[in-house]
Amino acid sequence: MTTADPQAAAPDPIRYEGDTDGHLVLIDQTRLPVELVYIDCKDVETVWEAIKMLRVRGAPAIGIAAAYGVVVGVQTASSDSAEAFEARFHEVVEYLAGSRPTAVNLFWALDRLKGIFAAEKAAGKSNAEIHAALLTEARFIHEDDRKVCRAIGKHGAELITPSAGILTHCNAGGLATADYGTALAVMFTCHDQGKNIQVFVDETRPLLQGSRLTAWELMQRGISATLICDSMAAQVMKEGRISAVITGADRIAANGDSANKIGTYGVAVLAKAHGIPFYIAAPISTFDLSLPTGDGIPIELRDPVEITNGMGKQTAPDNVQVYNPAFDVTPAELIAGIITEKGVISPVTPENVAQVVAG
Ligand SMILES: CSC[C@H]1O[C@H](OP(=O)(O)O)[C@H](O)[C@@H]1O
């Protein structure tokens, strides 16, 4: 695996190989950090399952994978009539939309492709021309995210002082995006600027994206990473080790309320209690201005087995009742700033969100 960009030390989580008859190649993130395994996605069912089971995960990465999933999915109808090809397109889009409900990038990417399809159809294009346009759009979404991540890193690094202690939750790294990440983009940029940051990584139960993925990405780049249990966040804040908290997001409402991995809201409350700024790092594509507040953000409920048999070991009684929301929503008043590719939204108000996102 070679990386095209020296900044992308972690391998790209997503590759598309070939033309409209090609296929998607994903890192199976459920196997990290012990094994680096790639899966070939040659049909839309494989892409759907990869998103559902978090083999590919993270809001931008889900959007990119879904965009390529549409390109792969319509291959079965590319030689059919225009009507059948269109019907298959909408069938594939709806199927992928049902994989996970919270990360708005999934729907943002699918909507982008629906717009492309409609425009190409209106122009009287053939199945093959429409298919090629869908692939072009998927590739644009993929490549544009690389630039977006670096811009987020640049804006966020301006907030961080040398030798800062930063706490993060879950994984908002290169593995959650095209490469380079959102929250971790800030840390990677600080490192490249010689700021000597110390990162404290919440392991992030139940699926351990922090210990399995974030710690791995940071260590790949030679950045100081200290793994802690989620329950230790308050203690490291109390000990004065943390000067800023930065996490990613999966969907941000018009007032700045932000959905992110379960546990993020609690970290934001702890940060407030300790007078520590809590930042969200996210691209404009993660904002959902159709929602006035975070109350409308759909929260994914996942299989109880992720808690009772985490990573394959039973750690709870048979038939125990389980509640397993995959995300929670941090209210805007707990967020010091939202770091986007267009700059930092602060204070986080509906007016400032609108100005940056729609501006
Ligand atoms: C850059 S978005 C990362 C975001 O996505 C993660 O959720 P999941 O691992 O379930 O896809 C988590 O909320 C991260 O902050």
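Just follow the structure's listing: the first ligand is 1, and inside any ligand the first atom is 1.
- Under the salt bridge (Lys or Arg N to Asp or Glu O under 4.0 Å) criterion, Arg139 pairs with no residue, sequence neighbours left out.
- Between Arg205 and Asp230, no side-chain nitrogen of the basic residue sits less than 4.0 Å from a carboxylate oxygen of the acidic one, so the salt-bridge criterion is not met.
- The Asn260 neighbourhood of ligand 1 comprises atoms 4 (C), 12 (C), 13 (O), 14 (C), 15 (O), with distances under 4.0 Å to a heavy atom of that residue.
- Here Glu91 pairs with Arg88 in a salt bridge; the nearest charged N to carboxylate O distance falls below 4.0 Å.
- Nearest protein heavy-atom contact of atom 5 (O) of ligand 1 is Asp250 OD2, 3.0 Å.
- In this structure, Arg100 fails the cation-pi test against Phe327, since its NZ or CZ atom is not both closer than 6.0 Å to the six-membered ring centre and inside 45 degrees of the ring normal.
- For ligand 1, the atoms lying closer than 4.0 Å to a non-hydrogen atom of Ala249 are 2 (S).
- Distance from atom 11 (O) of ligand 1 to its nearest protein heavy atom, with residue and atom name: Gly58 N, 2.9 Å.
- Considering only non-hydrogen protein atoms, atom 12 (C) of ligand 1 sits nearest to Cys170 SG, 3.4 Å.
- Ligand 1 does not have Glu300 within reach: every non-hydrogen atom of the residue lies 4.0 Å or more from it.
- Against a heavy-atom cut-off of under 4.0 Å, Ala59 is close to the following atoms of ligand 1: 2 (S), 5 (O).
- Ligand 1 is approached by Pro60 to a heavy-atom distance shorter than 4.0 Å.
- Residues Glu35 and Arg31 are paired through a salt bridge, judged by an N-O separation under 4.0 Å between the basic side chain and the carboxylate.
- Note on ligand 1: Thr247 sits outside its first shell, no heavy atom being nearer than 4.0 Å.
- Heavy atoms of His169 found under 4.0 angstrom from ligand 1: none, in either backbone or side chain.
- At least one N or O atom of Lys261 sits closer than 3.5 Å to an N or O atom of ligand 1.
- At a threshold of 4.5 Å between non-hydrogen side-chain atoms, the residues Glu306 and Leu207 count as touching.
- Of the polar atoms of Arg100, at least one N or O is found under 3.5 Å from an N or O of ligand 1, judged by distance alone.
- For the residue pair Ser290/Asp288, the side-chain donor-acceptor check at 3.5 Å is satisfied.
- Taking the six-membered ring where the residue is Trp, Tyr16 and Tyr68 present parallel rings, their angle staying beneath 30° rather than reaching 60°.
- Not a single heavy atom of Ala259 lies less than 4.0 angstrom from ligand 1.
- Listed by number with element, the atoms of ligand 1 under 4.0 Å from a non-hydrogen atom of Ala176 are 1 (C), 3 (C).
- Note on Asp202 versus Lys261: no salt bridge recorded, every NZ/NE/NH1/NH2 to OD/OE distance being 4.0 Å or above.
- Under the 6.0 Å distance and 45° angle rule, Lys272 does not count as a cation-pi partner of Phe278.
- For atom 3 (C) of ligand 1, the nearest protein heavy atom (residue, atom name, distance) is Asn171 O, 3.4 Å.
- Contact annotation for Arg57 and ligand 1: heavy atoms of both the backbone and the side chain come within less than 4.0 Å of the ligand.
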